[in-house]
2 protein chains.
Amino acid sequence: MGTVDGESEPMGTSRTRGRAARPRQGASMADVARLAGVSSQTVSRVSNGFAGVTEDTRRQVLDAMRELGYRPNSAARALRRGEFRTLGVITFSLSTMGNIRTLEAIATSAAQHGYAVTLLPVAVPTQDEVNGAFSRLGELAVDAVIVIMEIHLLDAATVSLPPGVQVVVADSDAGDRYTVVDTDQAGGARDAVRHLLDLGHQTVWHLAGPEGSFAAQRRANAWRDTLAAAGRVPPPLVRGDWSAESGYRAGLRLADEPDCTAVFTANDQMALGLLRALHERGLRVPGDISVIGFDDIPESASFLPPLTTIHQDFAEVGRLCVEGVLSKMRQDGAEHGTTLVPTRVVVRESTGSPPGR
Amino acid sequence: MGTVDGESEPMGTSRTRGRAARPRQGASMADVARLAGVSSQTVSRVSNGFAGVTEDTRRQVLDAMRELGYRPNSAARALRRGEFRTLGVITFSLSTMGNIRTLEAIATSAAQHGYAVTLLPVAVPTQDEVNGAFSRLGELAVDAVIVIMEIHLLDAATVSLPPGVQVVVADSDAGDRYTVVDTDQAGGARDAVRHLLDLGHQTVWHLAGPEGSFAAQRRANAWRDTLAAAGRVPPPLVRGDWSAESGYRAGLRLADEPDCTAVFTANDQMALGLLRALHERGLRVPGDISVIGFDDIPESASFLPPLTTIHQDFAEVGRLCVEGVLSKMRQDGAEHGTTLVPTRVVVRESTGSPPGR
DNA sequence: CTAAGCAATGTTTACGTAAACATCCACTGG
DNA sequence: CCAGTGGATGTTTACGTAAACATTGCTTAG
């Protein structure tokens with residue numbers, strides 16, 4: 001019984017008053033208790049794995065549970081315990097690979113800790129929408145929140161969190177105001193630039209992400225700093241919007257720069273478009289121009305040529321977000337701070353020595 | 001005991017017992033009611049936008065709410081109402097673009113209907129894991145479930161759903177047992193093959209997805225059927241695993257087939273790898289071989305050459321899943337059935353006439 | 001042998017909300 | 001002028017669980 005459609009009308013459990021909106025849930029603790037011949041408190045104890053219940057009694061209760069198909073009612077449980085065992089994740093459209101992978105890791109990690117994950121999509125990344133998401137938060141069944149978002153929208157947000165709801169921010173930059181977990185953007189960008197300089201390039205061009213993005217900004221800053229530290233002159237910054245299409249447009253432009261021998265693109269998608277543009281213009285990679293990306297999306301190994309790129313460990317970011325938020329829940333007064341997840345260079349075939357050598 | 005109401009300690013939000021585990025939530029209805037000088041029921045009425053409250057009273061209550069920062073307690077609400085206003089989404093790793101886009105659409109659409117979305121990741125797509133997810137479902141705070149999954153695992157699953165929890169399955173094939181929303185895989189595959197035949201190709205090779213996948217199976221079947229209907233002989237089937245890497249391997253193999261002039265790959269990622277392999281072997285696309293993909297991922301417009309492919313409307317799939325599950329919740333006895341979302345051919349530059357012509 | 005101690009189990013109560021029912025009061029029409 | 005009507009608001013109660021406290025009965029030290 002209790003199979004697929006569970007619809008079953010005829011058998012009414014105790015409550016046949018018919019007042020409930022929905023063809024009510026199955027058995028309650030009281031029902032189980034009655035069948036097992038114990039008190040509901042004992043059922044509760046068994047249900048929560050408490051000690052202090054005879055093996056005999058426990059078995060009886062478990063049998064009764066099975067027979068009635070008992071499932072704890074999570075609403076009642078949450079009400080009683082004052083916690084939902086649920087984490088909320090606020091994010092923009094899941095259009096970037098990074099966000100998705102992070103989300104996935106969050107969900108997995110949360111599940112391991114016995115937490116569910118509720119998605120709070122923010123349709124449009126406007127201030128209003130973000131504020132709205134935060135205020136809806138209050139009546140949402142979550143114990144804590146992980147925000148995957150460009151922080152500058154958070155910044156201005158009148159973030160009035162319900163008391164006791166902790167927040168961890170991923171992919172951002174506000175260690176003083178929130179607990180932040182992020183990829184080591186600067187380190188990755190530095191490694192990318194160094195990789196190209198080490199190959200003998202005089203300087204490195206940068207195809208950056210959109211202006212509003214913190215990740216883009218940090219990668220661009222590190223690019224500039226690394227060049228400066230090596231005594232090189234940074235060429236003008238070229239901007240894209242993360243999309244392959246914008247990479248293509250940038251590529252057409254860079255193809256006309258005679259002394260451009262190396263490009264660091266702020267993500268792999270733009271590198272893809274860039275490669276296409278260079279190919280169209282008859283420039284060879286890495287023969288004429290070297291290209292290094294950022295992210296290491298699975299497809300990048302199959303680009304033409306396979307892309308050298310900076311690998312981000314999104315799974316680790318997600319995992320740390322969950323760890324962080326759970327630990328903050330345990331000890332309320334925890335300090336804010338930033339945890340950086342290291343990157344690593346993945347050398348494939350899109351980078352090499354400059355043409356002249 | 002007579003309602004103490006008036007007297008007793010003047011301040012202190014009723015619950016100063018300090019028994020709650022967590023620094024409890026903010027104000028409750030009772031607190032608001034006290035401050036506004038009304039009964040908690042009136043607060044409830046205001047909170048739920050009921051008619052039959054004087055404008056004066058309403059304002060007073062709203063003021064009190066604001067002052068105390070009142071947020072309805074969703075656990076209590078769910079307990080009382082018997083519904084969570086939450087949809088569960090069961091899915092494997094969010095590694096495929098399609099699943100993600102579908103999920104995103106589900107979240108957005110659910111939000112529009114006032115529902116939240118809870119993620120139930122299934123770590124490994126094994127029978128046990130799936131069963132586990134379904135049984136955990138019972139104690140999860142969801143009113144209905146959307147499953148994004150290859151159905152053959154569902155098939156054998158001893159799906160015992162909690163009573164009253166409706167299910168809609170996306171991307172699958174079991175209209176007789178569940179309500180299903182899916183892309184018109186067969187139609188898309190048919191269009192892909194026809195597109196190539198129309199260009200003059202004698203026949204079309206197929207790089208299929210993994211054996212276990214229903215989507216892969218249906219695309220492959222439609223490929224075979226369409227060829228048969230046109231009186232062509234289907235070449236041997238080549239199998240990949242959705243990854244670009246597997247497409248690359250298949251491409252190396254197909255490059256050796258002298259009479260292969262057209263390939264239909266079951267997704268865009270594999271097409272990417274295929275393109276790389278063909279390029280390596282000195283074959284030109286579409287000059288020597290035409291390639292058509294499936295999915296229309298954003299990057300496919302930037303492949304080398306830009307990929308002709310079959311566009312899937314994941315957003316629509318997600319939207320229909322939500323509509324479907326909500327409508328099933330309203331009228332319990334709804335019939336199962338399958339809703340197909342049409343695809344369309346996006347012609348770019350990877351397909352053309354066969355070499356001989 | 002008895003009281004203390006303790007393990008197993010039962011009883012009471014509160015969590016915050018909202019449905020159902022009860023009350024109050026200002027009008028209206030006869 | 002009063003019963004009737006209906007809108008505004010208050011009171012009671014139950015939703016299912018689990019903490020706190022109460023009870024029972026058995027074991028064991030003195």
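Fair warning: this is a prediction, and the values are worked out from it, not measured in the lab. Convention: sequence-line order gives letters A, B, ...; per-chain numbering from 1.
- Here dA18(D) is the nucleotide among dA18(D), dA19(C), dT17(D) with the atom lying nearest to any side-chain atom of Arg81(A).
- For Gln60(A) and dG10(C), the CD to P distance is 10 Å, given to the nearest whole Å.
- Rounded to the nearest 0.5 angstrom, Leu87(B) CG and Ile146(B) CD1 are separated by 5.0 Å.
- Listed nucleotides dA14(D), dA19(D), dA8(C) differ in distance to Arg80(B); the shortest reach to its side chain belongs to dA14(D).
- For Arg71(A) against dG16(D), a side-chain-to-base donor-acceptor contact under 3.5 Å is absent.
- If you run side chain to side chain donor-acceptor pair (under 3.5 Å) between Asp63(B) and each of Arg66(B), Gln60(B), Arg59(B), only Arg66(B) comes through.
- Between Asp56(B) atom CG and dG7(D) atom P the separation is 19 Å, expressed in whole Å.
- At a threshold of 4.0 Å, the pair Arg101(A)-Glu104(A) does not count as salt-bridged, since none of the basic side-chain nitrogens sits closer than that to a carboxylate oxygen.
- Distance check: Asn99(B) CG to Thr91(B) OG1 gives 4.5 Å after rounding to the nearest 0.5 Å.
- Rounded to an integer number of Å, the gap from Arg77(B) CZ to dT17(D) P is 21 Å.
- Taking all atoms of both residues into account, the shortest heavy-atom contact from His336(A) to Tyr178(A) is CB-O, 3.4 Å.
- Terminal axes of the helix from dC1(C)-dG30(D) to dG30(C)-dC1(D) (five pairs each, C1' rotation axis) are separated by 50°, to the nearest 10°.
- The distance between atom CG of Leu79(B) and atom P of dT17(C), rounded to the nearest whole Å, is 11 Å.
- The distance from the CD1 atom of Ile100(A) to the CD1 atom of Ile106(A) is 12.5 Å, given to the nearest 0.5 Å.
- Among the atoms of the strands shown, none is found under 4.0 Å from any heavy atom of Ser40(A).
- For Arg80(A) and Ser44(A), the side-chain atoms include no donor-acceptor pair closer than 3.5 Å.
- Regarding Asp31(A), its CG atom lies at a distance of 10 Å from the P atom of dC15(D), rounded to whole Å.
- In this model, the phosphate group of dG16(D) is not approached by any side-chain N or O of Ser28(A) to a distance below 4.0 Å at OP1 or OP2.
- The base of dG10(D) is paired with the side chain of Arg45(B) by a donor and an acceptor separated by under 3.5 Å.
- Note that the CG atom of Asp31(A) and the CG atom of Leu68(A) stand 6.5 Å from one another [nearest 0.5 Å].
- When all heavy atoms are compared, the tightest approach of Val43(A) to Met65(A) is CG1-CE, 3.9 Å.
- Scanning all heavy atoms of the two residues, the minimum distance from Arg58(A) to Phe50(A) falls at NH2-O, 3.2 Å.
- When each of dA8(C), dC15(C), dT9(D) is scored by its nearest atom to the side-chain atoms of Thr54(A), the top-ranked nucleotide is dA8(C).
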Using atom names, set out every protein N or O paired with an N or O of nucleotides 23-28 of chain C below 3.5 Å, distance rounded to 0.1 Å.
none

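- The residue Val53(A) sits close only to the backbone: its heavy atoms come under 4.0 Å of sugar-phosphate atoms, none of a base.
- At the heavy-atom level, Thr57(B) lies under 4.0 Å from the strands shown only through sugar-phosphate atoms.
- Regarding Met29(B), its CE atom lies at a distance of 7 Å from the C1' atom of dA18(C), rounded to whole Å.
- Between the CG atom of Asn73(B) and the P atom of dG16(D) there is a distance of 17 Å, rounded to whole Å.
- The nearest heavy atom of DNA chain C to Gly52(A) and to Gln41(A) marks one nucleotide each, and the one closer to the 5' end goes with Gly52(A).
- Nearest nucleotide to the Thr42(A) side chain, out of dG16(D), dT17(D), dG10(C): dG10(C).
- Using a 4.0 Å heavy-atom distance criterion, Val38(B) is classed as a sugar-phosphate-only contact.
- Computed from coordinates, the Phe50(B) CZ to dG10(D) P distance equals 16 Å when rounded to whole Å.
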